[in-house]
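Just below is one structure, and these are the notes that go with it.
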Amino acid sequence: MKFDARSLSPKENYKLLIGSIIPRPIAFVTTKGADGTINAAPFSFFTVASSHPPQLLIAVQKTDQGEKDTAKNILLTKEYVIHIVSEEIVEAVNETAAPLAYGESELERTNLTLIDSDLIDVPAVAEAKIRFELKLTQHIELETADLLIGEVIRYHVADELEESFRIDADGLNAIARLAGNDYAKIGDIFTIARPTK
């Protein structure tokens, strides 16, 4: 099958993209609103943008009403926390995807525990095995999404997961996003050496 992307509806393009670009890591993001409410939401348009300086990128899709709470809050405070979603917390994280009104905290739908961050004013979720404190460095506004690039200023990694700056993938037990309501575990891991010449 061939498709002309320009002739497809936004929904058709979305379905082809999220079904093809798999698996996608999930950024579970906490932010703070103008009234102090803590917002939490998962995003699977997420990746590393740079390692020097360390920067992460999330794409927050806009709604018919405009910017989502996450983008609104990040643009306001310039601070946020990204958590890696492990199997142990995926169901709670999924609860935070509910479309609530601005000023309502999605975390009230869960049993997740908020803790203070070290270097920013946005709290984090204690149950996450890895989390990153970030400062916004760049905002690129697309027609239907906000691309938010933030610099990692503090890593939090569970002690048992790290050795010589290497992360134990099995111990992290990260969950990835597929399409629709589907998720995936990492599964079998294999090694292929990169060519040296």
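Only this structure's heavy atoms are used, side chains among them; waters, hydrogens and symmetry mates stay out.
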Exercise. Of the non-hydrogen atoms in Leu161 and Gly171, which two are nearest, and what is the gap between them?
Worked result: CD2-C, 3.3 Å
For this session: May I have all residue pairs that pass ring pair (Phe, Tyr, Trp, His ring centres under 6.0 Å) and include part of residues 114-161, sequence neighbours excluded?
Result: Phe132-Tyr155
Exercise. Which value, rounded to the nearest 0.5 Å, describes the distance between Ile115 atom CD1 and Arg131 atom CZ?
Worked result: 3.5 Å
For this session: Could you tell me whether the side chains of Thr77 and Glu79 share a donor-acceptor contact shorter than 3.5 Å?
Result: no
For this session: Taking all heavy atoms of Glu12 and all of Ser9, pick out the closest pair and write down the distance.
Result: OE1-N, 2.9 Å
Problem set entry | Reported OG-to-CG distance for the pair Ser105 and Leu114, which is rounded to 0.5 angstrom | 7.0 Å
Seminar exercise, completed: Note: with side-chain heavy atoms under 4.5 Å as the link, the other cluster members for Phe45 come out as Tyr14, Ile18
For this session: Look only at the side chain of Glu95 and the backbone of Ala97, and say whether a donor-acceptor pair between them is shorter than 3.5 Å.
Result: no
Seminar exercise, completed: Value for CD1 (Ile38) from CD (Glu106), rounded to nearest 0.5 Å, stands at 10.5 Å
Exercise. Hey, is CG on Asn181 packed in by over 12 heavy atoms from elsewhere, all under 6.0 Å?
Worked result: no
Exercise. Looking only at heavy atoms, which two atoms of Pro42 and Thr96 are closest? And how far apart?
Worked result: CD-OG1, 3.4 Å
Exercise. Between Ile89 and Ile175, is there a shared hydrophobic cluster once you connect ILVMFWY residues whose side-chain heavy atoms come closer than 4.5 Å?
Worked result: yes
For this session: First locate atom CZ of Phe3, then atom CG of Leu16, and finally report the distance between them rounded to the nearest 0.5 Å.
Result: 5.5 Å
Problem set entry | Residues that, via side-chain heavy atoms closer than 4.5 angstrom, fall in one hydrophobic cluster with Phe190 | Ile192
For this session: Under the side-chain contact (heavy atoms from CB on, under 4.5 Å) rule, what do Ile186 and Leu172 come out as? Steps first, then yes or no, please.
Result: CA-CA 10 Å; Ile186 288 190; Leu172 178 55; over 6 Å; no
For this session: From the options Thr30, Thr70, Asn73, select the one residue that forms a side-chain hydrogen bond (donor to acceptor under 3.5 Å, both in side chains) with Asn39.
Result: Thr70
Exercise. What residues, two or more places apart in sequence or in another chain, satisfy salt bridge (Lys or Arg N to Asp or Glu O under 4.0 Å) together with Glu108?
Worked result: none
For this session: Apply side-chain contact (heavy atoms from CB on, under 4.5 Å) to the pair Asp69 and Thr31, showing each step before the final yes or no.
Result: CA-CA 9 Å; Asp69 296 353; Thr31 60; 5.9 Å; no
For this session: Determine whether more than 12 heavy atoms belonging to other residues, nucleotides or ligands lie under 6.0 Å from atom CD of Glu163.
Result: no
Seminar exercise, completed: Residue pairs meeting salt bridge (charged side-chain N to carboxylate O under 4.0 Å, His left out), one or both in residues 168-188, sequence neighbours left out, come to Glu87-Lys185
Problem set entry | Partners passing salt bridge (Lys or Arg N to Asp or Glu O under 4.0 Å) against Lys68 (at least two apart in sequence or in another chain) | none
For this session: Find out whether Pro25 and Ile84 are in side-chain contact, i.e. whether some heavy atom of one side chain is under 4.5 Å from a heavy atom of the other.
Result: no
For this session: For Glu151 and Lys135, indicate whether the former's side chain and the latter's backbone hold a donor-acceptor pair under 3.5 Å.
Result: no
Show me the side-chain donor-acceptor pairs of residues 52-61 shorter than 3.5 Å, one per line, residues at least two apart or across chains.
residue: Gln55; atom: OE1; partner: Thr137; partner atom: OG1; Å: 2.8

Exercise. Can you name the nearest heavy-atom pair linking Ala176 to Pro23, along with the distance?
Worked result: CB-CB, 3.3 Å
Exercise. Quick one: do Glu104 and Arg109 make a salt bridge, cutoff under 4.0 Å?
Worked result: no
For this session: May I have all residue pairs that pass ring pair (Phe, Tyr, Trp, His ring centres under 6.0 Å) and include part of residues 62-90, sequence neighbours excluded?
Result: Phe28-His83
Problem set entry | Same apolar cluster: Ile82 and Leu148, side chain cutoff 4.5 Å | yes
Exercise. Do Ile74 and Val48 sit in the same hydrophobic cluster, where Ile, Leu, Val, Met, Phe, Trp and Tyr count as joined when their side-chain heavy atoms come under 4.5 Å apart?
Worked result: yes
Exercise. Are Val81 and Leu112 linked, directly or through other ILVMFWY residues, by side chains that come within less than 4.5 angstrom of each other?
Worked result: no
Counting only pairs under 3.5 Å, give me each side-chain donor-acceptor contact of residues 116-124, with atom names and distances, residues two or more places apart or in other chains.
residue: Ser117; atom: OG; partner: Val122; partner atom: O; Å: 2.5
residue: Asp118; atom: OD2; partner: Arg154; partner atom: NH1; Å: 2.7
residue: Asp121; atom: OD2; partner: Lys32; partner atom: NZ; Å: 3.1

Problem set entry | Gap between atom OG1 of Thr113 and atom CG of Leu107 - 0.5 Å precision | 10.0 Å
Exercise. Step by step, would you call Val29 with Phe46 a side-chain contact (heavy atoms from CB on, under 4.5 Å)?
Worked result: CA-CA 11 Å; Val29 185; Phe46 161 53; over 6 Å; no
Seminar exercise, completed: So the ring pair (Phe, Tyr, Trp, His ring centres under 6.0 Å) pairs with at least one residue in residues 164-184 (sequence neighbours excluded) are none
For this session: Could I get the full list of salt bridge (Lys or Arg N to Asp or Glu O under 4.0 Å) partners for Arg166, not counting sequence neighbours?
Result: none
Exercise. Arg24 side chain to Leu178 main-chain N or O, any donor-acceptor pair under 3.5 Å?
Worked result: yes
For this session: Check whether Val157 and Val85 end up in the same hydrophobic cluster, where Ile, Leu, Val, Met, Phe, Trp and Tyr are linked by side-chain heavy atoms less than 4.5 Å apart.
Result: no
For this session: Please list, chain by chain and in numerical order, all residues satisfying ring-ring contact (aromatic ring centres under 6.0 Å, His included) with Tyr102, sequence neighbours excluded.
Result: none
For this session: Could you grab the distance from atom CZ of Arg6 to atom CG of Asn13, nearest 0.5 Å is fine?
Result: 11.0 Å
Problem set entry | Criterion side-chain contact (heavy atoms from CB on, under 4.5 Å) on Ile140 and Leu142, from CA distance to verdict | CA-CA 6 Å; Ile140 301 168; Leu142 304 181; 4.2 Å; yes
